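First the structure, in the form of structure tokens, and then the observations on it.
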Protein chains: 2
Amino acid sequence: MAITAEMVKELRTKTGAGMMDCKRALQETNGDMEKAIEYLREKGLAAAAKRAGRAAAEGVIEAYIHLGEKLGVLVEVNCETDFVARTPEFKEFARDIAMQVAAANPQYVSPDDIPQEVLDKEREILRAQTLNEGKPEKVVDRIVEGRLEKFREEVCLLEQPFIKDPEKKVKDLLTEKIARIGENIIIRRFVRFQLGETQG
Amino acid sequence: MAITAEMVKELRTKTGAGMMDCKRALQETNGDMEKAIEYLREKGLAAAAKRAGRAAAEGVIEAYIHLGEKLGVLVEVNCETDFVARTPEFKEFARDIAMQVAAANPQYVSPDDIPQEVLDKEREILRAQTLNEGKPEKVVDRIVEGRLEKFREEVCLLEQPFIKDPEKKVKDLLTEKIARIGENIIIRRFVRFQLGETQG
């Protein structure tokens, strides 16, 4: 495999190792970035594994702790420039998203993030539930798909009604902000801790 | 399998379903709690899957956002009573833990939480690194184990030097707090978001 200058540069960024060392590491590992990082670490040339995987992105990390400190949320919202990240409008958007997560407890950012096995499992449960309600076999599939759609809307942040204005979905709010601010904005990830809930 | 009153009670707490329904669900699923929850959901008798798994625990959820909003931490610290959770000393402890996570970037709460495959991989890398340094074969194992111990101390919150007083480890601080406050205290979980880092 040909080792390009871009690959060498990426490995340098990820490990902090010298250019020639990075090139050699990539040659030795046939261009496999992960293996090249390990190679450099084994040679004592990489700063640390944890530097790996960082990519440039602007934005903010925002927290929201609900009154009483029994519920907390952390979100990352990305934009293209630090200039935008510092604007009150962008910060307010990040804060709204954190409050949305606290109030509406989504499990995923978008429907694409739902693992297939979760959907399959949910479909199976909904199907049994629908049959148990005595719905005729021929309409069961349609009912199940409708309920699965509702499930998607409940568990995905972007599909949820926005808590401050339930007429629009969170994704509509996001589109508005992108149009007004003039930069792409991505709700990258969130986490929500509720006191005493079990993990996983 | 015998269905005990405790099992029925647990299932009730988790699903909000009636006592007789819970008993029947457990009988039908031979006492398997997860399957019993699914059974109740299929019958339309359980409130929602997400209620499952909650357990009683007191404490606080605390957040720390570093200046500039490029780094944020969320922690859950548990204690036995809400009375203690509301004390300034307990809250200060939770805040110190959040700052520790922000500053020292641990990956796990305690050494027991490091997955075996992570330790195996690290041992393998350290071994190759040590051999590459030209250390004699007969002392390599001892050096590797020493370095692995250092790795554990670096990546585990409880083993790290406390940032406000590096003479003691975080676990020593925890022990002190337990003794002073007179209740068991558990650092349950944490998450740390750094802007632009990739997930997983």
Side-chain angles (χ1 to χ4, degrees), chain A residues 38-39 41-44 48-66 68-76 78 82 85-86 91 94 98 105 107 121-122 124-133 154-155 188-200, chain B residues 38-39 41-44 48-66 68-78 82 85-86 91 94 105 107 121-122 124-133 154-155 188-200:
Chain A
E38 273 177 36
Y39 175 94
R41 286 202 62 212
E42 287 173 0
K43 301 284 180 208
K50 63 186 157 191
R51 287 188 55 182
R54 280 194 202 160
E58 294 300 335
V60 297
I61 309 292
E62 173 76 38
Y64 172 74
I65 298 289
H66 194 64
E69 299 166 307
K70 306 299 185 200
L71 173 66
V73 169
L74 202 62
V75 296
E76 175 174 357
N78 292 153
D82 191 46
R86 290 168 189 274
K91 284 174 197 273
N105 194 16
Q107 309 294 309
K121 186 90 198 163
E122 190 65 25
E124 191 187 298
I125 289 174
L126 289 172
R127 198 179 162 73
Q129 191 180 319
T130 308
L131 284 168
N132 273 322
E133 289 167 6
E154 280 170 9
V155 300
R188 189 145 178 191
R189 52 179 171 166
F190 63 80
V191 67
R192 181 182 188 273
F193 282 2
Q194 185 155 6
L195 194 77
E197 73 193 344
T198 49
Q199 280 176 277
Chain B
E38 273 177 35
Y39 175 94
R41 287 203 61 213
E42 287 173 0
K43 301 284 180 210
K50 62 186 159 191
R51 287 187 58 182
R54 280 194 203 158
E58 294 301 333
V60 297
I61 309 291
E62 174 75 39
Y64 172 74
I65 298 290
H66 194 64
E69 299 166 307
K70 306 300 185 199
L71 174 66
V73 169
L74 201 62
V75 296
E76 175 174 356
V77 184
N78 292 154
D82 191 47
R86 290 167 190 273
K91 283 173 196 273
N105 194 17
Q107 308 294 307
K121 186 90 198 163
E122 191 65 24
E124 191 186 299
I125 289 174
L126 289 173
R127 196 176 166 78
Q129 192 180 317
T130 307
L131 284 167
N132 274 322
E133 288 167 6
E154 280 170 10
V155 300
R188 187 140 181 197
R189 52 179 171 166
F190 62 82
V191 67
R192 182 184 188 271
F193 282 2
Q194 185 152 8
L195 195 76
E197 74 192 344
T198 49
Q199 279 175 275

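Treat the numbers as computed from the prediction; the structure is a model and nothing was measured. Quick note on labels: first sequence line is chain A, next is B, and so on, each numbered from 1.
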What part of A/V75 gets closer than 4.5 Å to chain B, counting heavy atoms only: side chain, backbone, both or neither?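 Contact with chain B is through the backbone of A/V75 alone.
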
Who among B/L131, B/N78, B/L71, B/V77 has the most heavy-atom pairs with chain A under 4.5 Å?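 Among the listed options, the one with the most contacts to chain A is B/L71.
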
At a heavy-atom distance under 4.5 Å, which candidate from B/R127, B/E38, B/E133 has the highest pair count against chain A?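 Heavy-atom pair counts peak at B/E38.
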
N-O pairing of B/E197 and A/R188 below 4.0 Å: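 No, B/E197 and A/R188 are not salt-bridged.
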
Option in A/I65, A/N132, A/I61, A/T130 with maximal non-hydrogen atom pairs under 4.5 Å from chain B: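 Heavy-atom pairs under 4.5 Å are most numerous for A/I61.
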
Let me know if [X] has heavy atoms under 4.5 Å from chain A in its side chain, its backbone, both or neither.
X      : result
B/A94  : neither
B/V73  : backbone
B/I125 : both

What's the separation between atom CZ in B/F193 and atom NZ in B/K70, rounded to the nearest 0.5 Å?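 That separation rounds to 15.5 Å.
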
Return the minimal non-hydrogen interatomic distance between A/A63 and A/L74, and the atom names on each side.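 Taking A/A63 first and A/L74 second, the nearest heavy atoms are CB-CD1, 3.9 Å.
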
Do the side chains of A/H66 and A/Q194 get nearer than 4.5 Å, heavy atoms only?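 Counting from C-beta outward, A/Q194 and A/H66 never come under 4.5 Å.
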
Residues forming a salt bridge (charged side-chain N to carboxylate O under 4.0 Å, His left out) with A/E62, sequence neighbours excluded: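 Partners of A/E62 by the salt bridge (charged side-chain N to carboxylate O under 4.0 Å, His left out) criterion, ordered by chain and then number, come out as A/R95.
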
Name all residues meeting the salt bridge (charged side-chain N to carboxylate O under 4.0 Å, His left out) criterion together with A/E124; count only those two or more places apart in sequence or in a different chain, and write none if there are none.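 With neighbours one apart ignored, the set is empty.
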
